[in-house]
Amino acid sequence: MRKTHTAGALRATDEGKSVILAGWVHRRRDFGGLIFVDLRDRYGMTQITLDPQRVPAEVFKAVEGIRAEYVIEVEGTVHLRPEKMRNPKLATGDVEVFATKVIIHNAAKVPPFPIDTDGTDVDENLRLKYRYLDLRRERMARNLTLRHKLIKHMRDYMDRNGFIEVETPILFKSTPEGAREYLVPSRVHPGEFYALPQSPQQLKQLLMVGGIERYFQIARCFRDEDQRADRQPEFTQLDVEMSFVDRDDVMALIETMLVQFTTEQAALHGKRLLYTPFRRLTFAEAMGRYGNDKPDLRFGMEIFDVTVATRDSQFAVFAGAPGVRGIVAPGCAAYTRKQTDELIEFARKEGAKGLVVLHHDPEGIRGSGAGAKLSEAEKAALIAAGGSKPGDLLLLVADAEGIALNALGKLRVEMGTRLKLADPNVLAFAWVVDFPMFTWDKDDSRWVPNHHLFTAPRDEDLDKFETNPGEVKGKQYDLVCNGYEAGGGSIRIHRRDVQLRVMSLLGLSLEEAYKKFGHMLDAFEYGAPPHGGIAPGVDRLAMLFAGEPNIREVIAFPKNQQAADVMLGIPSAATDKQLKELSVSVTL
RNA sequence: GGAGGCGUGGUGUAGUGGUCUAACAUGCUGCCCUGUCAAGGCAGAGAUCGCGGGUUCAAAUCCCGUCGCUUCCGCCA
């Protein structure tokens with residue numbers, strides 16, 4: 001080890017020590033007769049001072065030539081800075097190192113973008129092309145450190161609770177239910193393919209049949225779907241499965257883990273929890289009150305229902321509608337016609353026929369058209385239901401329940417963002433439970449699983465499978481936070497007969513069921529224990545704790561929205577030789 | 001597959017028919033400078049305004065097309 005200290009280590013108490021520091025030149029301040037160099041490494045920054053009276057002329061001359069991002073090694077003595085020259089902004093600001101010897105390990109070209117900023121206003125693809133430079137910025141070092149601490153906490157916590165980490169294969173079987181997969185051609189078996197796992201779901205269930213009882217894995221998952229700010233083609237989950245548990249056991253396990261992490265690492269992320277214990281909502285509540293199955297609970301603005309009060313309205317839009325629901329945008333009564341038109345257009349894009357906008361003035365509720373037609377009783381009902389105050393703006397959708405809740409849910413998020421109602425330093429974790437097991441896919445005319453086809457139904461709903469599938473609720477639970485799905489899990493089916501009934505409902509014949517999932521059905525015939533699990537998303541949790549707007553900021557080498565890596569230039573074409581060996585032909 | 005936003009020196013922006021021979025900040029280069037820490041001062045280099053076509057006497061600016069990036073919808077068992 002060439003360094004005696006890191007660039008973030010030295011304090012006033014180190015005065016007089018001979019030290020060797022090494023790292024990158026963050027910035028150089030050259031006074032002609034005196035040079036300061038800010039030496040940076042992952043741990044911090046230390047000021048190196050070059051006084052021509054204390055260093056040989058050739059050392060001084062060499063330092064005159066160094067530039068930002070040069071890699072240097074400095075030998076010198078720690079000096080206490082004179083009182084007036086201390087820098088309280090720097091952890092090492094009480095001291096400086098008087099260099100006696102400087103080695104230039106490597107020069108550096110001028111970086112294509114600044115490194116001494118947080119980087120948020122640099123074009124992201126440029127950052128990604130030179131990711132090795134981008135990672136030098138303090139923010140990225142902090143994010144990767146936070147991610148490491150989170151994963152370490154997960155491993156330690158799971159270990160303490162009797163879980164063992166078991167690796168599962170990356171070369172897995174194609175199971176065309178669910179997300180699109182990445183395929184890997186087999187050379188040994190021409191024309192046949194492996195698939196990368198969307199998650200280790202089936203394997204971890206088989207580990208339960210294998211008697212592992214408590215499994216976890218920091219697992220890489222692959223999904224060939226279009227990207228979003230919170231989605232990458234490959235991502236990481238804390239994959240967990242346990243035997244002989246109910247859903248409350250799984251939820252309590254993860255909740256405690258996250259509460260402990262938040263408390264223990266508060267200095268690193270500065271976030272606080274809004275709900276301890278985590279809030280719990282049913283799917284129906286989440287949809288009815290927030291129009292969203294992963295609501296941002298950092299602010300209110302709940303959806304209210306005035307269907308009954310407006311049934312006999314003189315205002316035709318309300319009277320003729322299957323329902324009337326709305327939200328109150330606080331302090332927005334002064335919105336201009338242009339602004340309210342924007343909101344109407346927004347609601348239309350989300351599928352609503354329109355949006356009724358009412359201004360709540362000191363004199364009461366007004367609004368073009370509707371304001372004049374609504375009775376005093378209706379206006380009073382609106383104010384009461386929405387908790388509206390003078391100065392607020394009421395946004396109402398008169399439409400079928402599903403359409404109205406969706407549009408209002410999206411508007412709620414939009415208004416919350418515009419009005420900055422969500423505290424960025426707060427994490428509002430919550431559990432959403434009692435999801436419907438199946439939803440009817442109109443396009444394909446079939447039932448599809450809401451979660452996945454291994455989720456167990458509530459015991460009391462078992463007999464509704466054949467009569468009323470839409471009514472069946474699953475033993476599923478989603479972990480949500482600040483408007484993101486941070487994880488999902490369920491108690492699984494562990495009996496072959498129940499599993500086959502689910503598969504049958506989903507339209508799989510016995511033959512197909514065995515072809516795709518025979519390994520699971522077989523396993524269930526050899527004493528499969530009741531079991532369940534969950535898979536919190538590591539990237540999303542790291543993003544939330546780091547306060548970042550997308551998961552790329554907490555991944556060292558992420559792919560862009562086109563699923564490409566602009567640094568590596570991938571994906572890229574394969575050679576004819578490779579393709580031939582794999583018996584694969586490209587039909588471009 | 002669809003919708004919105006963005007694309008102007010290295011970087012981030014301004015400029016939305018003629019005064020643009022393209023501005024500002026920062027970075028970069030050179031010179032001066034012994035207490036700075038976003039150092040300062042002076043001087044300088046650096047842009048065919050994403051690309052292609054069109055309209056016009058005249059296009060960074062208007063129109064059409066196209067490419068790239070990004071956000072969202074679809075998709076994500």
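Just so you know, these numbers come straight off a predicted model, no measurement behind them. Quick note on labels: first sequence line is chain A, next is B, and so on, each numbered from 1.
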Item checked: Euclidean distance, atom CG of residue Asp116(A) to atom C1' of rG27(B) [Å, nearest integer] -> 10 Å
Margin query: From NE2 of His452(A) over to P of rC76(B), roughly how many Å is that when rounded to an integer?
Written below: 15 Å
Check: Taking CG from Asp230(A) and P from rC75(B), how many angstroms apart are they, rounded to a whole number?
Finding: 16 Å
Next item on the list: State which residues pass ring pair (Phe, Tyr, Trp, His ring centres under 6.0 Å) with Trp24(A); sequence neighbours excluded, sorted by chain then number.
Entry: none
Notebook entry, point to check: What is the base-pairing partner of rC49(B), counting Watson-Crick and G-U wobble geometry with both distances under 3.5 Å?
Noted result: none
Next item on the list: Name all residues meeting the side chain to side chain donor-acceptor pair (under 3.5 Å) criterion together with Tyr477(A); count only those two or more places apart in sequence or in a different chain, and write none if there are none.
Entry: none
Next item on the list: Quick one, give me the B/S/- string for nucleotides 1-12 of chain B, reading 5' to 3', where B means a protein heavy atom under 4.0 Å from the base and S means that only happens at the primed atoms, P, OP1 or OP2.
Entry: B--------SSS
Next item on the list: For rC33(B) and rU70(B), measure between their C1' atoms and round to the nearest Å.
Entry: 46 Å
Check: In chain order, what residues pass the side chain to side chain donor-acceptor pair (under 3.5 Å) check against Glu124(A), with sequence neighbours excluded?
Finding: Arg552(A)
Next item on the list: Mind checking Thr117(A) for me? I need base, sugar-phosphate or nothing, with any heavy atom below 4.0 Å counting as a touch.
Entry: nothing
Notebook entry, point to check: Does any nucleotide pair with rG74(B) by Watson-Crick or G-U wobble geometry, both distances under 3.5 Å, and what is it?
Noted result: none
Note to self: Does the Lys NZ or Arg CZ of Arg501(A) fall within the cation-pi geometry relative to Phe465(A) - under 6.0 Å from the ring centre and within 45° of the axis?
What the structure shows: yes
Next item on the list: Report the residue from Lys475(A), Lys473(A), Arg247(A) that forms a salt bridge (charged side-chain N to carboxylate O under 4.0 Å, His left out) with Asp434(A).
Entry: Arg247(A)
Note to self: Counting only Watson-Crick pairs (N1-N3 plus N6-O4 or O6-N4) and G-U wobbles (N1-O2, O6-N3), all under 3.5 Å, who is the partner of rU36(B)?
What the structure shows: none
Note to self: Looking at Asn125(A), I'd like to know whether one of its side-chain N or O atoms comes within less than 4.0 Å of OP1 or OP2 on rG68(B).
What the structure shows: no
Check: Taking RNA chain B as the partner, which of residues 558-573 of chain A come within under 4.0 angstrom of it by heavy atom?
Finding: Asn560(A), Gln561(A), Gln562(A)
Checklist line | Heavy-atom donor-acceptor pair, Arg223(A) side-chain to rC76(B) base, under 3.5 Å | finding: no
Next item on the list: Mind calculating the distance between CD (Gln237(A)) and P (rC76(B)) to the nearest angstrom?
Entry: 16 Å
Next item on the list: Verify the contact: side-chain N or O of Arg552(A) to OP1 or OP2 of rU71(B), cut-off strictly under 4.0 Å; return yes or no.
Entry: yes
Next item on the list: Quick one: do Gln198(A) and Glu181(A) satisfy side-chain hydrogen bond (donor to acceptor under 3.5 Å, both in side chains)? Show the steps, please.
Entry: CA-CA 7 Å; Gln198(A) 305 162 32; Glu181(A) 300 163 318; 3.2 Å; yes
Check: Which pairs with one or both residues in residues 112-121 of chain A pass side-chain hydrogen bond (donor to acceptor under 3.5 Å, both in side chains), sequence neighbours excluded?
Finding: Arg27(A)-Asp116(A), Thr117(A)-Arg137(A), Asp118(A)-Thr120(A)
Side-chain atoms of residues 61-72 of chain A: list all donor-acceptor pairs with protein atoms under 3.5 Å, sequence neighbours left out, distances to 0.1 Å.
from, atom 1, to, atom 2, distance (Å)
Arg67(A), NH1, Glu64(A), O, 3.2
Glu69(A), OE1, Arg40(A), NH2, 2.9
Glu69(A), OE1, Arg136(A), NH1, 2.9
Glu69(A), OE2, Arg40(A), NH1, 3.1

Item checked: Selection residues 480-519 of chain A - residue pairs positive for ring pair (Phe, Tyr, Trp, His ring centres under 6.0 Å), sequence neighbours left out -> Phe454(A)-Phe517(A)
Check: Listed by chain and number, what are the side chain to side chain donor-acceptor pair (under 3.5 Å) partners of Ser445(A), not counting sequence neighbours?
Finding: none
Item checked: Partner nucleotide, any strand, of rC57(B) [Watson-Crick/G-U, under 3.5 Å] -> rG18(B)
Notebook entry, point to check: How long is the line joining CG of Asp441(A) and C1' of rC75(B), in whole Å?
Noted result: 12 Å
Check: Could you run down nucleotides 33-46 of chain B 5' to 3' and tag each one B, S or - for protein heavy-atom contact under 4.0 Å?
Finding: BBBBBSB-------
Notebook entry, point to check: Under a 3.5 Å cut-off for both distances, is rC69(B) Watson-Crick or wobble paired, and to whom?
Noted result: rG5(B)
Check: Given atom CD of Glu553(A) and atom P of rU70(B), what is their separation to the nearest angstrom?
Finding: 12 Å
Check: Excluding sequence neighbours, so at least two apart, what forms side chain to side chain donor-acceptor pair (under 3.5 Å) with Lys516(A)?
Finding: none
Check: Which base sits across from rA23(B) as a Watson-Crick or G-U pair, both distances under 3.5 Å?
Finding: rU13(B)
Check: To the nearest Å, how far apart are Glu181(A) CD and rC75(B) P?
Finding: 18 Å
Item checked: Under the side chain to side chain contact (heavy atoms under 4.5 Å, CB included) test, residues paired with Phe36(A) that sit two or more places apart -> Arg29(A), Phe31(A), Leu34(A), Gln47(A), Thr49(A), Glu96(A)
Note to self: Expressed as a whole number of angstroms, how long is the span from Gln227(A):CD to rC73(B):P?
What the structure shows: 14 Å
Notebook entry, point to check: rG27(B) and rG46(B): how far apart are their C1' atoms, nearest whole angstrom?
Noted result: 11 Å
Checklist line | Interatomic distance at P, rU19(B) relative to rC73(B), whole Å | finding: 44 Å
Margin query: Just by distance, no angles: are the side chains of Thr417(A) and Glu414(A) close enough, under 3.5 Å, to form a donor-acceptor pair?
Written below: no
